[in-house]
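Each remark here refers to the structure printed beneath this line.
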Amino acid sequence: NIDQQRQVAEGRAEATFTDAVGGFYDLAAGALIIQEAGGKFVDLEGKDISEKTQVAIGGVSEVVEQMLPIIQKIYNGYKGFK
């Protein structure tokens, strides 16, 4: 959700987790503002998002690194919504 992503960029939250049910553009705007604020926004593999990304986590780099293995475990075997 763009509001949660904006709060991360403003420093009011440490991380956000997003299922991009609406597609890539649900993620792109939030990724841009978080990255411009010095944060990290990655897919389930820890890579930059792309048009194929369906699940992403963004926020303070250290927090994203800590949360990523947990999110990966939760989404193990996830085939996507498309």
Side-chain angles (χ1 to χ4, degrees):
N1 158 322
I2 192 70
D3 186 53
Q4 292 170 342
Q5 295 159 350
R6 180 186 50 78
Q7 289 180 29
V8 169
E10 291 174 348
R12 295 174 54 202
E14 292 187 344
T16 183
F17 172 72
T18 306
D19 280 338
V21 176
F24 174 71
Y25 296 103
D26 282 358
L27 299 173
L32 179 62
I33 64 170
I34 288 174
Q35 290 169 340
E36 287 296 314
K40 187 172 190 171
F41 201 89
V42 297
D43 65 12
L44 286 176
E45 296 178 5
K47 299 178 183 176
D48 289 337
I49 65 166
S50 71
E51 290 184 15
K52 295 180 181 182
T53 302
Q54 294 184 18
V55 177
I57 183 171
V60 177
S61 294
E62 296 82 17
V63 175
V64 170
E65 292 299 322
Q66 291 173 1
M67 291 179 66
L68 191 56
I70 297 165
I71 301 300
Q72 288 170 332
K73 187 174 182 179
I74 292 168
Y75 273 83
N76 185 29
Y78 180 67
K79 303 271 192 247
F81 49 82
K82 292 184 179 183

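Across I34 and Q5, no two heavy atoms sit closer than the pair CG1-O, 3.6 Å. Looking at every heavy atom in both residues, A56 comes nearest to F41 through CB-CE2, 3.6 Å. Of all non-hydrogen atoms in E14 and V63, the two that sit nearest each other are OE1-CG2, 3.6 Å. Contact detail for I33 and A9: the closest heavy-atom pair is O-CB, 3.6 Å. The two residues L44 and L68 have their closest heavy-atom pair at O-CD1, 3.9 Å.
Under the salt bridge (charged side-chain N to carboxylate O under 4.0 Å, His left out) criterion, E10 pairs with R6, R12, sequence neighbours left out.
For the atom pair T18 OG1 and Q4 CD, the distance stands at 6.5 Å (nearest 0.5 Å).
Under a hydrophobic-cluster definition in which Ile, Leu, Val, Met, Phe, Trp and Tyr are linked whenever side-chain heavy atoms come within less than 4.5 Å, directly or via other members, V55 and I70 are assigned to the same cluster. The same ILVMFWY cluster, assembled from side-chain heavy atoms under 4.5 Å apart, contains both Y78 and I74. A continuous path of Ile, Leu, Val, Met, Phe, Trp and Tyr side chains, each step under 4.5 Å between heavy atoms, connects Y75 with V42, placing both in one hydrophobic cluster. Note on Y25: it clusters hydrophobically with I49, by side-chain heavy-atom contacts below 4.5 Å among ILVMFWY residues.
For the side-chain hydrogen bond (donor to acceptor under 3.5 Å, both in side chains) condition, the pairs that include at least one residue of residues 60-73, sequence neighbours left out, are K40-E65.
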